[in-house]
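See below for the structure under consideration.
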Amino acid sequence: SRSPGVAADTASFRGPSLAGPNATLAQAQAARGGMDALKRFMAEQAEEAPATVTSEPESPGKEVPAAAKAGDEEDKKDEEPPLFILVTGAADTDTAPNKANHDTARDMKVPHIMHLPDKVAVKDVIIGSFSQHTVAVGVNGAAYAWGMNGSGQLGIGTDDGFVYAPTLVKGVRGAVAGGSCGRHHTALFTADGELYTCGRNEEGQLGIGRIESKPKIAFVKAALGAGDGAKCVSVACGNNFTLAADVEGCMWACGFPDHGCLANGSDGRRLVRSNKVTYDNEKSFNFVGIYLDVNQQPGGRRFEEPLSEAPKIKQVAAGKEHCMCLEDAERLPAGRTKPRVFSWGFAGYGRLGHRGQTTELRPRVIAEFELPRTLPVASLACGATCSFALDTRGSLYYWGKVPNAPRGEATMFPQMVQDLCNWEVSSAVGGTEAIFATAEGKVICWGGSVAGELALGADGPRGQRNPGINFEFSNWHVLKAAAGYAHAAFLARPDDGFDPEGAPEFEPPAPRAAKVGAARGAKRGAKRGGRGGKGGKRGRRK
């Protein structure tokens with residue numbers, strides 16, 4: 001079967017990168033079934049074994065209880081090998097759009113190990129679906145960033161040039177628990193629930209109560225509400241806006257309001273005089289309190305009746321210009337049995353999942369996940385122009401459009417990815433062109449590449465139409481994938497018997513001092529115009 005939303009005859013693709021991806025998945029599923037049978041046989045044999053085992057020859061006659069030996073085995077299992085960051089795609093993500101100035105020799109078409117300073121062990125990696133920078137979190141709770149830094153989005157105390165090597169961020173107090181990357185800004189929150197932001201703040205996306213033309217080159221504290229604010233448990237950065245959810249289940253939004261991304265019922269535009277539009281940006285995090293039920297007449301009259309009770313939000317997600325949030329399954333209203341999924345913002349190519357392309361100015365329930373046949377949704381993710389959901393069984397749902405798919409080819413509502421229906425998917429992400437899913441330690445990918453981020457090999461094709469296992473990761477057990485513009489990163493540990501010392505490693509070139517990113521950011525800002533109104537932006541939209 002064909003992956004929804006990806007055309008089978010995409011002209012820009014050069015055929016599947018893996019020979020017979022569907023056959024490969026079927027073979028893997030059959031092999032997994034055989035392994036399960038072997039495990040059951042071994043378990044049955046273990047149950048019939050005697051309760052004690054004989055010790056080593058040097059201690060004749062002495063017996064060791066089986067329980068004690070089993071405990072030692074469990075301790076050994078707990079000592080899993082450390083996690084690694086594997087990176088693919090462009091080393092110079094800022095020049096990737098300009099093929100004339102881009103050094104393709106540094107594009108990584110196979111996975112490369114990226115070490116943190118002093119080889120600190122890693123526990124998480126973060127990329128936005130269209131960001132050109134990466135953040136990694138070490139087991140020590142510190143955050144390290146690298147990539148495009150023209151607007152200070154790395155938070156390392158400078159906005160000069162492009163940073164190749166992971167660098168310790170500045171301004172964050174406490175152990176980092178999670179975060180998100182926007183195009184020109186970044187947000188991180190700590191285990192104590194404190195929220196920090198850095199980078200560009202011309203549209204108020206940092207949520208610090210003021211709008212500034214000069215970027216924040218180190219992280220500053222932002223508050224969800226009055227005073228010190230509520231404790232943050234989830235954050236998502238869009239193109240130039242930020243969403244957050246707090247420990248009480250409340251959702252907050254700040255930044256640029258176009259397409260209704262701030263979920264306040266408005267796109268923020270005001271006509272100040274002929275041919276001149278002002279945007280009312282929100283410079284502080286504002287509470288989102290109104291949520292809409294399922295549209296009862298898709299394509300017809302709009303159903304704008306708000307829910308009688310605001311849901312408790314557990315997770316927020318953001319694409320370039322669209323958003324989603326997930327209700328907390330442990331705090332459902334009376335009478336509900338599974339959490340609701342909400343989406344809003346720009347609806348082009350069905351990325352909101354409402355079977356239409358009408359912009360939503362407030363969070364609306366996605367009808368597909370309300371059907372009795374669907375299992376509860378466990379997590380969400382947004383690509384630049386598409387969306388994903390994982391249910392409690394690990395089934396993956398997809399809707400929207402891959403950017404380089406043929407014009408008009410889109411999935412207008414959530415559909416299960418049939419190629420992965422027998423796999424337990426642990427994560428799914430979409431960059432600007434590439435899509436990745438991790439399932440039972442494997443990397444499954446489809447879509448296209450800007451700079452080889454699909455990692456299909458040095459001589460491999462640029463993309464593939466259908467989901468297929470990427471065997472370039474065959475020596476790794478991959479736990480998580482993250483993807484942005486022209487690059488991707490993976491959280492993985494080496495398989496048993498594989499020595500990562502022999503794997504390719506990323507070697508940072510000499511630092512560049514030119515503010516390539518800053519110049520591009522300034523040009524983009526000039527196209528939109530200066531600020532107006534109460535921090536609004538004037539000029540035409542991008």
Mind checking what makes side-chain contact (heavy atoms from CB on, under 4.5 Å) contact with [X], not counting sequence neighbours?
X: Ser234; result: Ala245, Gln315, Val316
X: Ala381; result: Phe388
X: Phe413; result: Arg355, Glu368, Gln415
X: Cys181; result: Ile126, Ser131, His133, Val135, Thr186

Assess whether side-chain contact (heavy atoms from CB on, under 4.5 Å) is satisfied between Val172 and Thr190, documenting all intermediate values.
CA-CA 8 Å; Val172 177; Thr190 67; 4.0 Å; yes
Can a donor-acceptor pair be found, under 3.5 Å and without considering hydrogens, that links the side chain of [X] to the backbone of [Y]?
X: Arg200; Y: Pro215; value: no
X: Asn470; Y: Glu472; value: yes
X: Thr432; Y: Tyr485; value: no
X: His112; Y: Val110; value: yes
X: Thr242; Y: Leu206; value: no
X: Thr438; Y: Val478; value: no
X: Asp267; Y: His259; value: no
X: Gln205; Y: His185; value: no
X: Glu501; Y: Asp499; value: no
X: Gln132; Y: Thr93; value: yes

Taking side chain as C-beta onward, heavy atoms only, is [X] less than 4.5 Å from [Y]?
X: Trp446; Y: Leu454; answer: no
X: Glu202; Y: Glu212; answer: no
X: Pro117; Y: Pro166; answer: yes
X: Leu262; Y: Asn286; answer: no
X: Pro257; Y: Glu282; answer: no
X: Leu420; Y: Ile444; answer: yes
X: Phe490; Y: Thr88; answer: yes
X: Val443; Y: Phe436; answer: yes

For [X], which residues count as a salt bridge (charged side-chain N to carboxylate O under 4.0 Å, His left out) partner, sequence neighbours excluded?
X: Lys214; value: none
X: Arg173; value: none
X: Asp124; value: Lys480

How close do [X] and [Y] get, counting heavy atoms only, and between which atoms?
X: Cys198; Y: Gly152; answer: SG-O, 3.7 Å
X: Ala136; Y: Ile85; answer: CB-CD1, 3.4 Å
X: Thr197; Y: Ala222; answer: OG1-CB, 4.2 Å
X: Pro461; Y: Leu456; answer: O-CD1, 3.4 Å
X: Gly179; Y: Val235; answer: CA-CG1, 3.7 Å
X: Ala263; Y: Pro363; answer: CB-CD, 3.6 Å

So how far is it from [X] [atom1] to [Y] [atom2], rounded to the nearest 0.5 Å?
X: Asp419; Y: Tyr398; atom1: CG; atom2: OH; result: 13.0 Å
X: Lys216; Y: Asn201; atom1: NZ; atom2: CG; result: 7.5 Å
X: Met412; Y: Tyr349; atom1: CE; atom2: OH; result: 10.0 Å
X: Leu380; Y: Ser387; atom1: CG; atom2: OG; result: 8.5 Å
X: Ile208; Y: Ser284; atom1: CD1; atom2: OG; result: 9.0 Å
X: Phe342; Y: Ile366; atom1: CZ; atom2: CD1; result: 9.5 Å

Going by ring pair (Phe, Tyr, Trp, His ring centres under 6.0 Å), name the residues that satisfy it together with Phe84, two or more places apart in sequence or in a different chain.
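Trp476.
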Phe130: which residues meet the ring pair (Phe, Tyr, Trp, His ring centres under 6.0 Å) condition with it, sequence neighbours left out?
none
side-chain hydrogen bond (donor to acceptor under 3.5 Å, both in side chains) partners of Lys314, counting only residues at least two apart
none
Partners passing side-chain hydrogen bond (donor to acceptor under 3.5 Å, both in side chains) against Thr167 (at least two apart in sequence or in another chain)
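Here no residue qualifies.
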Taking atom CG of Asp118 as the centre, report whether more than 12 heavy atoms of other residues, nucleotides or ligands fall under 6.0 Å from it.
no
Side chains of Gln357 and Arg351, donor plus acceptor under 3.5 Å:
no
Check against side-chain contact (heavy atoms from CB on, under 4.5 Å), Val137 and Val122:
CA-CA 6 Å; Val137 182; Val122 64; 5.9 Å; no
If you apply the rule ring-ring contact (aromatic ring centres under 6.0 Å, His included), what do you find for Phe473 with Phe471, and how did you get there?
CA-CA 5 Å; Phe473 294 86; Phe471 290 105; over 10 Å; no
side-chain contact (heavy atoms from CB on, under 4.5 Å) between His322 and Cys261, intermediate numbers included
CA-CA 6 Å; His322 76 290; Cys261 288; over 6 Å; no
Before accepting this row, confirm whether a basic side-chain N of the pair Arg462/Glu433 lies closer than 4.0 Å to the acidic partner's carboxylate O.
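A salt bridge is present here (some side-chain N lies under 4.0 Å from a carboxylate O).
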Show the numbers, then the answer: is there a side-chain contact (heavy atoms from CB on, under 4.5 Å) between Ile313 and Cys325?
CA-CA 7 Å; Ile313 301 303; Cys325 66; 3.7 Å; yes
Listing request: all side-chain hydrogen bond (donor to acceptor under 3.5 Å, both in side chains) pairs with a residue in residues 134-147, at least two apart in sequence or in separate chains.
Thr134-His487, Asn140-Tyr144
